[in-house]
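One structure is given below, encoded as structure tokens.
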Amino acid sequence: MSVNIINEKCKGCTICVKNCPFGAITMSGKLAVIGVACTSCGVCVDKCPFKAIEKIEEEKVTTDLSEYSGIWVFAEQRDKKIMPVVIELLGEGKKLAAEIGCELSAVVCGSGIGNLADELFEYGADKVYVADSPELEKYTTDGYTKVIFEAIGKYKPEIVLLGATHIGRDLGPCLAVKANTGLTADCTKLEIDPDDKKIKQTRPAFGGNLMATIVCPNHRPQMSTVRPGVMDKAAKVPGRKGETVKLSVSFSEGDIRTKVVDVVKHLKEMVSLTDAEIIVSGGKGMKGPEGFELLRQLSHRLGGVVAASRAAVDAGWMDHAYQVGQTGTTVKPKIYIACGISGAIQHIAGMQNSEQIIAINTAENAPIFEVADYGIVGDLFKVIPAIIDELDKQCS
Ligand SMILES: Cc1cc2nc3c(=O)[nH]c(=O)nc-3n(C[C@H](O)[C@H](O)[C@H](O)COP(=O)(O)OP(=O)(O)OC[C@H]3O[C@@H](n4cnc5c(N)ncnc54)[C@H](O)[C@@H]3O)c2cc1C
């Protein structure tokens, strides 16, 4: 809905200006003018004594929802390797597909990637749409968007899931705008409404203080980007087969407006917190970057990786690539050792699904102990060297 001033009826009384809750109406001479702050709430329509403001209903959406079926997972690959989040999406997609009673498919783009279909079948895809072309060798927003948008138009999936990686966060909104549909970004939970089989997409909002559940009732496909590390990975069924569908790929000059000159691997790609089985994580209690050297010694002995809280990252002690939490990476290792981390909700959000949590903290009332399976109240600069000594003794 939108609202509109009928200029011929406006008497310039300014009642609408005074009553607009958003300060969106101004006067231009003797005429009221609706500005960009208008939310179409309609308060002014009722307040105008001269019936000079009208509501304009938007055209009804005419999407035939019944034409759309099936769940698609965007199978992001880098260097011809399927990203871990894709396996998580297939695991979640399988559950959702069973609830809806529909097919689970994957769509993969790249060059020389046809054999990835076999891996995607083994992880649960019933069908794999493959776009294999030299123009798709490196990810480009235009290239991937064109191919997948055309495939969506042709095959009409009802749900499209993408990992909330840098590529997924770039591609998802472009596809959603082209398909004129809704997208919920960075979801942490997906459910099917048993009544109407629509997908309920939940994501943290307002700095994690509120969990918003969002539905896309009238447009298709329903699209979500999903946080890596949150969903369980699909189990591999070796030898499982499915149907491969080749997508036609044709580009005209100017379709792809960017040229990828080089892909430089940043440190970020070398830190694989989502894959780590053991994470030794440090916070503000590490006192400085040198403290993290102690954590490296411990993680080295345990075969794990080091991570950090945002406070440690903000202090410049560790790169953001190591940050665990709501604005960092979500992790689910077998063991998460939180050292000098208070356990703020934004940190907990990123590690609470770890199988075992061990906390070391001087403050016995630190919230981290509420989620910890084992807690050590003590000075980490004494506790960690003692653990290292013990591990060394056992290994010698
Ligand atoms: C929108 C938003 C997003 C956020 N995203 C994230 C995020 O992704 N990840 C994240 O971590 N935070 C995030 N935060 C910040 C979060 O709220 C906390 O500020 C942060 O997690 C605190 O980090 P910390 O526990 O390391 O530091 P502190 O809260 O300062 O805790 C340090 C702890 O170390 C203990 N300690 C001190 N000395 C020792 C010692 N010698 N031995 C043992 N223990 C010791 C103290 O008792 C204390 O509990 C976010 C905040 C906001 C508002």
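Quantities reported herein were computed from a predicted structural model and do not represent experimental measurements. Both counts, for ligands and for their atoms, begin at 1 and track the order of listing.
Judged as a salt bridge (Lys or Arg N to Asp or Glu O under 4.0 Å), the pairs with a partner in residues 333-355 (not counting sequence neighbours) are, in order, E277-K334.
Shown in contact with K287 at under 4.0 Å from a heavy atom are these atoms of ligand 1, numbered in order with element: 37 (C), 38 (N), 39 (C). For ligand 1, the atoms sitting less than 4.0 Å from at least one non-hydrogen atom of G378 are 42 (N), 43 (C), numbered in the order shown with element in parentheses. Counting the atoms of ligand 1 from 1 in the order shown, those under 4.0 Å from a heavy atom of D379 are 40 (C), 41 (N), 42 (N). Interface of G325 with ligand 1, defined as ligand atoms under 4.0 Å from a residue heavy atom, comprises 7 (C), 8 (O), 9 (N). Atoms of ligand 1 found under 4.0 Å from any heavy atom of A363, numbered from 1 in the order shown, are 47 (O). Interface atoms of ligand 1 facing G328, defined by a heavy-atom separation under 4.0 Å, are 8 (O). Those atoms of ligand 1 that come under 4.0 Å of a heavy atom in G285, given as number and element, are 32 (C), 34 (O), 36 (N), 37 (C), 38 (N), 39 (C).
Which of T327, V377, I341 comes nearest to atom 6 (C) of ligand 1 through a heavy atom is settled by distance: it is T327.
Here's the thing with G340: one of its N/O atoms is less than 3.5 angstrom from an N/O atom of ligand 1. Annotation: V324 places an N or O atom under 3.5 Å from an N or O atom of ligand 1; distance criterion only. At least one N or O atom of L380 sits closer than 3.5 Å to an N or O atom of ligand 1.
Between the side chains of T202 and T213, a donor-acceptor pair is found at a separation under 3.5 Å. Y144 and D170 share no donor-acceptor pair across their side chains, judged by distance under 3.5 Å alone. With hydrogens and angles left out, the side-chain atoms of R310 and T327 include a donor and acceptor closer than 3.5 Å.
At a heavy-atom cutoff of 4.0 Å, ligand 1 is contacted by no atom of I368, backbone or side chain. Heavy atoms of S309 found under 4.0 angstrom from ligand 1 belong to the backbone as well as the side chain.
Transitive grouping of hydrophobic side chains (ILVMFWY, heavy atoms separated by less than 4.5 Å) keeps V237 and L90 in distinct clusters.
With sequence neighbours left out, K393 forms a side-chain hydrogen bond (donor to acceptor under 3.5 Å, both in side chains) with no residue at all.
Although no hydrogens or angles enter the test, the distance criterion places a donor-acceptor pair under 3.5 Å between the side chain of K94 and the main chain of G124. Side-chain atoms of N361 never come within 3.5 Å of backbone atoms of A366 as a donor-acceptor pair (strictly under, hydrogens ignored).
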